[in-house]
Amino acid sequence: MANLLITGGAGFIGSHTCLALLQAGHRLVVLDNFSNSQPEALRRVAELAALEPLTTRGYACWATADQRLIVHQGDVRARQDLDPLFATARIDGVLHFAGLKAVADSIAQPLQYWDVNVTGSVCLLQAMAAGGCRTLVFSSSATLYGHPERVPIPEEAPIRPINPYGQTKAAVEQLLVDVAASHPDWRIARLRYFNPVAAHPSGHIGEDPHGIPSNIFPLISQVAMGRRPVLEVFGNDWPSADGTGVRDYIHVMDLAEGHGAALALLLAEAPQLLTLNLGSGQGHSVLELVRAFAAASGQPIPIHFSARRPGDSAVSIADPGAAARRMGWRTRRSLGQICRDGWAWQQANPQGYSA
Ligand code: WQD
């Protein structure tokens, strides 16, 4: 099994992927600045992976007793935080989740998004090169497709981001093309997520957005819990069956398993640049999602139709064929499972990890 560095490993997708990687037998070093996540998520990951309780090894670092999960508080933009991780032990591969991901925030604060998402990735790649590690799984996003010409969207679709968040993902993807061209010994996977949602079925880890969520799934969850009175539905005049936006929602555990499959492929095959959509290939409208969540939770979800949100597309659905062909991976969890697992997390953690 491999020794892996996970940047942003305490975040929503990072924590679920850490669990899947630990259960696959890997050893993990996590670097997270906890700017949009909590150490508690990793303590719970250790519990779910049946690892010994975390022991404190000093302010910026703690580990499980068997050292299979070691956590450092630090920033991917700081070589002084990165370099020691490669010097202390052999790192066979890096999964890079650390980054900012809210579209509206990126429009308000483009400089911060370019700094964290792009400068952070440049710094990480420099530390990897200096540390002798050339295997990387990069957390990319379907946002870089912008307004798709056709759906389902294949990897060959034009890259036309329409917001700074998408621009930063496209910029890092281009950086990885350049690195792969100049250093053919690198093994790189660029994984383009569609809409990650839900939570681990235990309800013990899940999505815990700081402040007011921008994505629909945590908002629906909070309306079902009674933390919000109503869900604003952005537009009911879209060119879809019921007039509401259609998206490709992917269970976060399917996404986590997709990362494990991509890592296994990189470690097993010759150096390459792999680019894959991670989605279900199925679209569901906002109203379909609301109905599914109401059925799963047994709670009413009051809605109010409002104007379309600037920058939204009508439909975004993945063509997931390449991931199936290249690594035998497809989503396995249904929309009903997505809603049941999301509700289990919300019910057990009404205030997320804070409580
Ligand atoms: C989904 C649908 C909205 C909120 C974004 C990023 C993408 C990825 C996932 C990181 C749309 C509708 C939403 C609300 C609503 N993140 N909606 N009321 O915009 O598809 O994708 O998050 O990688 O990169 O772009 O996700 O959850 O915001 O919206 O009606 O209060 O729900 O119009 O149709 P989106 P979303």
Side-chain angles (χ1 to χ4, degrees), residues 8 11-14 17 36 96-107 113 116-117 138-148 151 153 159-170 172-173 190-198 207 209 211-224 227-252 255 258-259 277-280 283-293 301-318 335 338-339 342:
F12 172 39
I13 299 161
T17 304
N36 189 27
H96 179 31
F97 296 101
L100 303 176
K101 62 170 185 174
V103 169
D105 287 353
S106 77
I107 294 166
Y113 270 68
V116 175
N117 292 358
F138 172 60
S139 167
S140 191
S141 170
T143 298
L144 53 64
Y145 291 120
H147 294 303
V151 291
I153 306 171
I159 304 302
R160 292 191 299 214
I162 56 173
N163 53 62
Y165 167 62
Q167 294 282 7
T168 64
K169 289 299 183 181
V172 177
E173 284 215 5
R190 305 181 300 179
L191 303 182
R192 295 172 179 169
Y193 312 160
F194 278 69
N195 288 63
V197 290
E207 185 174 10
I212 300 173
S214 56
N215 292 140
I216 192 164
F217 198 81
L219 283 166
I220 286 181
S221 302
Q222 291 182 6
V223 170
R227 279 181 61 183
R228 293 181 183 284
V230 65
L231 174 78
E232 290 290 332
V233 177
F234 296 144
N236 63 345
D237 57 351
W238 292 102
S240 66
D242 62 19
T244 62
V246 175
R247 293 292 183 273
D248 185 334
Y249 298 101
I250 173 172
H251 195 295
V252 65
L255 198 58
H259 284 75
N277 288 334
L278 294 189
S280 71
H284 293 287
S285 73
V286 171
L287 292 184
E288 284 176 307
L289 181 61
V290 168
R291 279 196 295 274
F293 203 98
I301 312 269
I303 64 171
H304 171 261
F305 291 114
S306 57
R308 294 182 179 185
R309 179 174 61 177
D312 267 359
S313 299
V315 184
S316 171
I317 300 172
L335 185 65
I338 282 172
C339 293

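Just so you know, ligand 1 is whichever comes first in the structure, and atom 1 is the first atom listed for that ligand. In what follows, every heavy atom counts, from backbone to side chain, and hydrogens, waters and symmetry copies are set aside.
If you take CG on L287 and OG on S240, they are separated by 8.0 Å, rounding to the nearest 0.5 Å. N215 CG to R247 CZ: the interatomic distance, rounded to the nearest 0.5 Å, is 10.5 Å.
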Next item on the list: Could you walk me through whether L191 and F138 pass the side-chain contact (heavy atoms from CB on, under 4.5 Å) test, one step at a time?
Entry: CA-CA 6 Å; L191 303 182; F138 172 60; over 6 Å; no
Next item on the list: Would you check, one step at a time, whether the test side-chain contact (heavy atoms from CB on, under 4.5 Å) holds for Y249 with S280?
Entry: CA-CA 7 Å; Y249 298 101; S280 71; over 6 Å; no
Next item on the list: Assess whether side-chain contact (heavy atoms from CB on, under 4.5 Å) is satisfied between E173 and L144, documenting all intermediate values.
Entry: CA-CA 10 Å; E173 284 215 5; L144 53 64; 3.3 Å; yes
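Of all protein heavy atoms, the one closest to atom 13 (C) of ligand 1 is I216 CB, 3.6 Å. For atom 4 (C) of ligand 1, the nearest protein heavy atom (residue, atom name, distance) is F234 CE1, 3.5 Å. Protein heavy atom nearest atom 9 (C) of ligand 1, with residue, atom name and distance: N195 ND2, 3.8 Å. With hydrogens left out, the protein atom closest to atom 28 (O) of ligand 1 is R309 NH2, 2.9 Å, a heavy atom. When only non-hydrogen protein atoms are considered, atom 31 (O) of ligand 1 lies nearest to L219 CD1, 3.2 Å. Protein heavy atom closest to atom 8 (C) of ligand 1, with residue, atom name and distance, is F194 O, 4.0 Å. Of the protein's non-hydrogen atoms, the one nearest atom 12 (C) of ligand 1 is V286 CG2, 3.8 Å.
When heavy-atom distances to ligand 1 are checked against a 4.0 Å cut-off, Y249 comes that close only through its side chain, counted from C-beta outward. Proximity of R247 to ligand 1, defined as any heavy-atom pair under 4.0 Å, is confined to the side chain (atoms from C-beta onward). Using a 4.0 Å cut-off between heavy atoms, R308 makes no contact with ligand 1 at all. With a 4.0 Å cut-off on non-hydrogen atoms, S316 does not touch ligand 1 at all. Residue-level proximity to ligand 1 for N215 is carried by backbone and side chain together, each with a heavy atom below 4.0 angstrom. Looking at V103 against ligand 1, only its side chain comes within 4.0 Å, counting heavy atoms.
Closest of all the heavy-atom pairs between I250 and I338 is C-CD1, 4.3 Å. Listed here is the closest heavy atom pair of L335 and A292: CD2-CB, 3.7 Å. Summarising the geometry of A170 relative to P161, their closest heavy-atom pair is CB-CG, 4.0 Å, with the distance given to 0.1 Å. The two atoms that bring I153 and S316 nearest to each other are CD1-OG, 4.1 Å, heavy atoms only.
You'll find the side chain of H259 reaches within 4.5 Å of the side chain of Y193, heavy atoms only.
Heavy-atom contacts of D312 reach the following atoms of ligand 1: 3 (C), 33 (O) (cutoff under 4.0 Å). Residue E232 has at least one heavy-atom neighbour below 4.0 Å for each of these atoms of ligand 1: 14 (C), 15 (C), 18 (N), 30 (O), 31 (O). Close contacts between ligand 1 and S214 involve ligand atoms 4 (C), 28 (O) [criterion: under 4.0 Å to a heavy atom]. For ligand 1, the atoms sitting less than 4.0 Å from at least one non-hydrogen atom of T143 are 6 (C), 7 (C), 24 (O), 25 (O), numbered in the order shown with element in parentheses.
By the side-chain contact (heavy atoms from CB on, under 4.5 Å) test, S106 pairs with Y113, N163, P164, Y165, sequence neighbours left out. A search for side-chain hydrogen bond (donor to acceptor under 3.5 Å, both in side chains) contacts involving Q222 returns R228, not counting sequence neighbours.
The shortest N/O to N/O separation between P196 and ligand 1 does not fall below 3.5 Å. Inclusion of S313 in the set of residues having an N or O under 3.5 Å from an N or O of ligand 1 is not warranted. Not one N or O of K101 is nearer than 3.5 Å to an N or O of ligand 1, by distance alone. Between V233 and ligand 1, a contact under 3.5 Å exists for no N or O pair.
Side-chain N or O atoms of R308 include one that pairs as donor or acceptor with a backbone N or O of D237 at under 3.5 Å.
Under the 4.0 angstrom criterion for non-hydrogen atoms, Y165 is in contact with ligand 1. The shortest heavy-atom distance from F12 to ligand 1 is not under 4.0 Å.
Ring centroid separation for the pair F12 and F97 does not come in under the 6.0 Å cut-off.
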